[in-house]
Amino acid sequence: MPYRDTSQECTGCLNCVAICPGLATTLVDYRKNKDLPTVTLPYELWRESVEVGQPVPVTDKDGAILGHFPVQKIRVKKKYPKTLLVQIQMNKKFAKKAVGIRVLEPQIEPSTIYEKEPLPDEAVICRCERVTAGEIRTALRNGVRDMNHLKAITRSGMGSCGSKTCRPMIWRIFQEEGIDPGQVTDRVDRPLFVEVPLGYFAGIKEGERHE
Amino acid sequence: MNSYDVIIVGAGSVGVPTALALGEKGVSTLVVDKKPSPGQGENKHAIGGIRATHSDPAKIITCLRSLESFSTWAERFGDQIEWVKGGYTFPVYRDADAVLLKGMLPTQKEYGLNIDFVGPKTIQTIIPGVNPEGLIGGTFSPDDGSASPLLAISAFYRKSLELGVQFRFKEQIREIRVKNGRVQGVATDSVNYEAPVVVDAAGAYSTDLCQTVDVNIPVVPESHEAGITEPVEPFFTSMVVDIRPMPGSKNYYFYQNQLGQVIFCLTPEPPIVGTDTRETSVFLPQISARMVELIPRLRNLRVRRVWRGLYPMSADGSPLVGWNREVSGLLHAAGMCGQGFMLGPGLGEVIARMIRQETTEKDQIVLEAFSPYREFAVEEALK
Ligand SMILES: Cc1cc2nc3c(=O)[nH]c(=O)nc-3n(C[C@H](O)[C@H](O)[C@H](O)COP(=O)(O)OP(=O)(O)OC[C@H]3O[C@@H](n4cnc5c(N)ncnc54)[C@H](O)[C@@H]3O)c2cc1C
């Protein structure tokens with residue numbers, strides 16, 4: 001891991017911003033203007049689309065937009081030609097929060113299908129044992145409140161994955177059915193495991209023929 | 001409100017079918033269990049074998065009734081319980097075992113069991129790939145079989161609810177309540193339930209339950225392990241029981257269920273007494289070596305899961321069923337050993353008839369053999 005050598009004053013050379021392969025370094029430079037520091041953000045993806053003067057959305061570490069700021073300058077270090085160093089001026093209050101710019105328009109919407117409507121009855125909830133939402137719903141409507149009982153009746157969560165996918169989805173169906181979570185008994189957790197042949201436990205090596 | 005004709009402690013292999021039999025007779029019944037749903041005690045640890053192949057007439061009679069119930073359940077009530085009529089096979093490699101098994105045949109046949117000693121060729125067709133070396137033959141009882149303990153108890157439970165039986169889950173019975181030598185009901189930490197009859201179907205915890213009224217019911221939990229493989233194309237349907245003892249274990253038994261998974265279980269020797277149900281690392285190497293020796297082609301089958309549960313053991317391997325002589329109204333249905341699942345439906349009917357004072361002649365044979373006050377002298381041969 002590179003680290004900052006604090007024995008020497010930062011000269012603002014920007015090498016640290018350009019060198020980081022994860023685009024994780026930004027530099028806030030207060031030397032010219034204390035209240036409106038210059039922020040340098042690395043950018044690589046769609047380089048042609050960034051121009052001086054153009055206002056770009058600046059994001060924080062969660063991807064939330066802090067505001068739109070005109071690009072002051074675009075610099076490139078000779079040694080790291082692929083990384084644009086995009087400079088903007090920002091209010092000192094937010095300057096340290098900036099981590100990137102968003103140039104691309106969002107191409108896909110986050111799926112809200114789960115928020116919008118209940119899973120269709122035919123949706124497969126437990127993939128290992130191919131149990132559908134409808135089968136689980138029927139069991140809950142017949143009074144099942146124990147995940148182990150549900151497992152016994154429908155086999156949901158019985159498979160080799162140890163219920164990694166279906167468990168939260170089953171909890172969701174309990175909620176959709178208006179069942180108080182306090183009434184529901186959770187399943188017994190299983191450790192991660194791999195399936196191993198009986199022959200291995202019997203001491204037979206792979207490929208060896210048994211008498 | 002909290003008053004019933006009968007209270008059953010334990011919604012397990014015996015408690016639920018007993019409730020069903022009482023429900024069918026219109027007896028107002030409450031079942032209480034500390035677990036959150038039916039069968040979460042030992043019932044779910046059973047691998048699902050159901051046989052009338054015993055040496056003791058009482059067990060033969062009881063399990064023949066159970067077989068009738070399991071095998072006709074789907075057509076009578078619609079619930080699929082994965083019943084497979086695959087029979088039980090005891091392959092024999094030692095003369096002594098042939099003598100032992102053949103010696104039981106007359107009694108078994110007298111009480112209506114369909115069983116015979118067959119030659120090695122027949123055993124090889126029943127268990128394809130069975131080790132032929134030294135195989136003498138074995139017994140085969142084609143009307144025995146297997147079912148899913150998980151599905152069966154859920155089906156019995158569903159039907160019991162339909163018949164008006166009441167269930168309370170997540171409630172631990174702290175004591176049986178008795179006044180002037182008569183049962184009054186049971187008590188949890190917060191509620192009293194009233195009934196003139198209390199059935200002790202508490203499985204591995206019967207001793208604790210009965211101690212609350214100073215009754216000593218000698219049930220000792222012993223731990224047994226089981227495992228299940230991935231599903232593969234079905235290639236045998238019979239339960240296979242290998243009764244040859246080996247260092248560290250007595251017999252072991254296994255079958256392939258309706259879904260194609262092989263389920264297996266071992267009887268450790270010496271027995272592991274206690275209520276610890278954490279899986280051990282010795283079980284799989286032990287049973288795998290034995291299974292692969294018996295049927296070499298099993299070696300490639302992959303193990304999916306193992307578990308450990310309790311046999312509620314009596315001193316001689318037979319259950320303890322009967323009215324208590326000191327506390328009137330207390331009915332024991334305990335000490336099911338390794339056979340509670342297969343005994344459950346048959347015993348449930350006997351218990352319902354005891355409560356209604358309708359017992360038959362056959363019931364008397366059963367009740368004499370299972371009496372909690374018997375001399376625990378003879379061990380059952382196939383316990
Ligand atoms: C690995 C393994 C394989 C087996 N395979 C087979 C097989 O193939 N065939 C077969 O027939 N049998 C088999 N058995 C045996 C079978 O599981 C038991 O004999 C049977 O489940 C016992 O039935 P039960 O009703 O007495 O006890 P359980 O089914 O355990 O029921 C007793 C119930 O009482 C409840 N309880 C106890 N005390 C209290 C209290 N104070 N308050 C409230 N509730 C209470 C418990 O929570 C429990 O649910 C196997 C057992 C094991 C461990």
> Between B:Leu259 and chain A, which part of the residue has a heavy atom less than 4.5 Å away: side chain, backbone, both or neither?
Replying inline: side chain
>> Using a 4.5 angstrom heavy-atom cutoff, name the option from A:Val196, A:Asn142, A:Asn148, A:Val144 with the most pairs to chain B.
In response: A:Val196
> With a 3.5 Å cut-off and no angle check, do the side chains of B:Glu230 and A:Ser160 form a donor-acceptor pair?
Replying inline: no
> Taking atom types as modelled, is there a side-chain donor on B:Arg308 or B:Ser223 under 3.5 Å from an acceptor on the other?
Replying inline: yes
> Parallel, tilted or perpendicular for A:Trp171 and A:Phe174, by the 30°/60° rule?
Replying inline: tilted
>> Can you see whether B:Phe264 has B:Arg290 sitting over its ring - NZ or CZ less than 6.0 Å from the centre and within 45° of the normal?
In response: no
>> Check for me whether the distance between the ring centres of B:Phe283 and A:Phe201 falls short of 6.0 Å.
In response: no
>> For A:Met147, which atoms come within 4.5 Å of any heavy atom of chain B: side chain, backbone, both, or neither?
In response: neither
> Taking every heavy-atom pair that is under 4.5 Å apart, which of B:Pro285, B:Gly227, B:Pro36 has the most such pairs with chain A?
Replying inline: B:Pro36
> What part of B:Lys35 is in contact with chain A, defined as an atom under 4.5 angstrom from a non-hydrogen atom: side chain, backbone, both or neither?
Replying inline: neither
> Where does A:Glu129 contact chain B at under 4.5 Å (heavy atoms): side chain, backbone, both or neither?
Replying inline: side chain
> Which of the residues B:Leu161, B:Leu150, B:Leu298 is involved in the greatest number of heavy-atom pairs with chain A at under 4.5 angstrom?
Replying inline: B:Leu150
>> Are B:Tyr205 and B:Val9 packed together at the side-chain level, in the sense that at least one heavy-atom pair is separated by less than 4.5 angstrom?
In response: no
>> Can you tell me which portion of A:Arg155 sits under 4.5 Å from chain B's heavy atoms? Options are side chain, backbone, both or neither.
In response: side chain
